[in-house]
Amino acid sequence: MLRAFSTAATGMTAQQMTVDTIANNLANVNTAGFKRSLMDFQDLMYVKIAEPGREEAAGVLAPNGLEIGSGVRPASTLKVFTQGEMENTGRSLDVAIEGDGFLQVTLPGGQIRYTRDGSLRINATGTLVNASGYAFQPTITIPTDARSIGIGKDGTVSVFAGSATTPTTVGTLQLVRFPNPSGLSSEGGNLFAETPASGAPTTGTGGTDGFGQIQQGFLERSNVQMVTELVNLITAQRAYEINSRAIRAGDEMLTTANRLIS
Amino acid sequence: MDSSITASSLDALTQVYQDITQNLANVSTVGFKRRLNELRLVQDGTEGSVLGGTIEVTSVLDLSQGHFVHTGRRLDLALDGSGFFVIETPEGRLYTRNGQFNLNGDRQLVDFAGRTVAGSGGPIVLPERTSLQDFHVARDGSVWVKGTSIGKLQVVEFASVSDLIPLGNSNFRAAADVEPAPASRVTLRQGFTEAANVNIVEELVGLIQVTRLYEANFRMLQTLDEQMEQILNVAMS
């Protein structure tokens with residue numbers, strides 16, 4: 001009986017974690033480049049009381065065993081890297097990646113991080129940085145007299161500087177790709193970090209070798225679907241309830257047993 | 001009904017209760033298969049006795065299909081029909097209905113623990129310079145990247161449910177001396193996962209039933225106890 005209590009408790013913990021994940025997804029419904037997470041659950045070890053196929057009499061094998069499960073455990077959170085909606089912002093420094101790939105930024109310590117949030121800024125020295133002020137890799141500097149900035153589908157950044165009538169190329173936004181993007185670790189601030197599970201990044205140019213195209217004037221919205229998340233939320237809540245109901249049923253059974261003794 | 005039946009049926013009901021909690025705890029586990037319970041009276045063999053005996057519970061895996069949940073993840077595969085994915089581990093092959101796969105650093109298709117998912121001609125490897133968007137799994141399990149076949153997922157089936165031993169982590173192993181056959185009546189769905197086949201309402205009904213039967217059995221035990229006391233009182237007075 002006590003084992004069943006802890007089994008139901010693992011069920012409640014699991015649903016609680018689902019609600020936590022859904023809450024985070026919903027909170028980021030307007031975060032550019034955000035990728036939603038899914039919880040992956042697995043059943044826990046089985047306690048074997050009798051093996052199936054044991055010999056019950058000479059030549060007679062039991063068709064069924066007796067195993068009692070001990071609940072559920074969260075195995076992993078899966079990041080779902082499906083394309084988010086493209087929103088036309090009209091801002092010349094907004095870029096969205098249509099397809100596979102990440103942009104790279106350098107942290108002040110020199111480490112590289114990866115992002116799908118293409119909301120670019122120009123800092124005081126003219127360098128292209130992200131919303132937190134981290135410079136994009138490779139570093140691109142916009143001349144101070146630039147009148148307009150154009151970003152091509154392959155990531156080429158060109159400007160009309162001063163009174164020039166022809167554009168000058170000032171750099172290229174490079175894309176990188178991972179064998180297993182789900183294995184990237186989420187660092188907050190719309191950034192991801194490489195892990196042994198994600199594999200090593202390969203760099204490339206937008207629109208070639210399966211890399212996505214870069215779209216200027218667009219931002220990639222979060223891939224969170226409000227309705228899906230709400231449906232999942234209701235399911236998790238009900239599953240939580242039914243697991244607590246299982247504990248209550250066990251409690252009632254024990255009460256019955258206790259009444260006999262008293 | 002004598003006290004030995006009552007006591008053993010109380011044990012059996014406790015076990016049924018444990019199986020129900022296990023089913024409910026795993027209501028969100030991808031590819032989980034619920035357990036069905038069957039209570040059975042085993043006679044003790046005494047001639048003319050219908051009262052003696054014990055109640056045994058047998059729990060059977062219910063391999064019926066779970067419903068499909070759309071995730072849109074290209075590496076989520078669901079099996080429609082009877083069959084299992086094959087996972088290669090150092091301890092031998094394991095079988096699972098949980099098709100939430102990943103790619104590892106070498107671009108190989110692996111399960112949640114990083115173990116290789118078996119293809120009919122070796123592991124499935126996504127070629128260099130291609131993206132996950134190009135990864136297509138056909139309904140027969142063959143894997144295509146940009147129109148080129150890169151292998152076929154191995155899907156097997158077992159002759160009998162008793163050939164499967166659950167290990168937890170959504171994995172099963174085959175019972176000794178059992179070799180599964182290639183699955184013949186199964187189709188794959190990409191971008192979907194198979195939900196647990198636990199039906200909350202059914203389990204809830206089971207839960208109420210168990211609680212009430214438990215209560216009734218205890219009441220029976222109490223009555224037997226009181227009768228015994230009365231007999232003793234008569235005999236001793």
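In what follows, every chain begins at residue 1, and chains take the letters A, B, ... in the order their sequences are listed.
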Open item on the list: Within the structure provided, determine whether Met253(A) and Tyr17(B) are in side-chain contact (heavy-atom separation under 4.5 Å).
Closed with: yes

Open item on the list: Could you go through Arg73(B) and Ser182(A), starting from their C-alpha distance and side-chain angles, then the distance that decides it, and tell me whether this counts as side chain to side chain contact (heavy atoms under 4.5 Å, CB included)?
Closed with: CA-CA 10 Å; Arg73(B) 236 181 123 249; Ser182(A) 291; 3.7 Å; yes

Task: Least distance between heavy atoms, Ala249(A) atom then Leu207(B) atom - done: CB-CG, 3.6 Å

Open item on the list: Quick check: do Asp43(A) and Gln22(B) have side-chain heavy atoms less than 4.5 Å from each other?
Closed with: yes

TODO: Flag the pair Met39(A) / Ser28(B) as yes when at least one side-chain heavy-atom distance between them is below 4.5 Å, and no otherwise.
DONE: no

- [ ] Indicate yes or no: at least one non-hydrogen side-chain atom of Phe112(B) is less than 4.5 angstrom from one of Asp40(A).
- [x] yes

Open item on the list: Could you tell me if the side chain of Leu38(A) sits less than 4.5 Å from the side chain of Thr193(B), heavy atoms only?
Closed with: no

Open item on the list: A side-chain contact here means heavy atoms from C-beta on lying under 4.5 Å apart; do Ile242(A) and Leu204(B) qualify?
Closed with: yes

- [ ] May I ask you to name which of Ile247(A), Thr13(A), Asp209(A) has the most heavy-atom pairs under 4.5 Å with chain B?
- [x] Asp209(A)

TODO: Against chain B, label Ser70(A) side chain, backbone, both or neither, depending on which of its atoms sit under 4.5 Å from a heavy atom there.
DONE: backbone

Task: Largest heavy-atom contact set with chain A, pairs under 4.5 Å, which of Gly105(B), Gly114(B), Gly72(B), Pro166(B) - done: Pro166(B)

Open item on the list: Report which part of Ala197(A) has an atom under 4.5 Å of a heavy atom belonging to chain B: side chain, backbone, both, or neither.
Closed with: backbone

Task: Which atoms of Lys35(A) approach chain B - backbone, side chain, both or neither, heavy atom under 4.5 Å - done: neither

Task: Side chains of Gln133(B) and Asp100(A) in contact at under 4.5 Å (non-hydrogen atoms) - done: yes

Open item on the list: Please classify the contact between Leu78(A) and chain B as side chain, backbone, both or neither, with a heavy-atom cut-off of under 4.5 Å.
Closed with: side chain

Open item on the list: Less than 4.5 Å to any heavy atom of chain A: does that hold for the side chain of Thr130(B), its backbone, both, or neither?
Closed with: backbone

Open item on the list: Quick test of your reading of the model: are Arg212(B) and Glu252(A) salt-bridged, counting only N-O distances below 4.0 Å?
Closed with: yes

Open item on the list: Shorter than 4.5 Å, heavy atoms on both sides: which option in Gly99(A), Ala239(A), Pro74(A), Pro179(A) has the most such pairs with chain B?
Closed with: Pro179(A)

Open item on the list: Which atoms of Arg245(A) are under 4.5 Å from chain B, going by heavy atoms: the side chain, the backbone, both sets, or neither?
Closed with: both

Open item on the list: What part of Gln15(A) gets within 4.5 angstrom of chain B, counting heavy atoms only: side chain, backbone, both, or neither?
Closed with: side chain

Task: Pairwise side-chain contact, Arg238(A) with Val27(B), heavy-atom cut-off 4.5 Å (strictly under) - done: no

Open item on the list: Given heavy-atom pairs under 4.5 angstrom as the criterion, report whether the side chain, backbone, both or neither of Phe211(A) touches chain B.
Closed with: neither

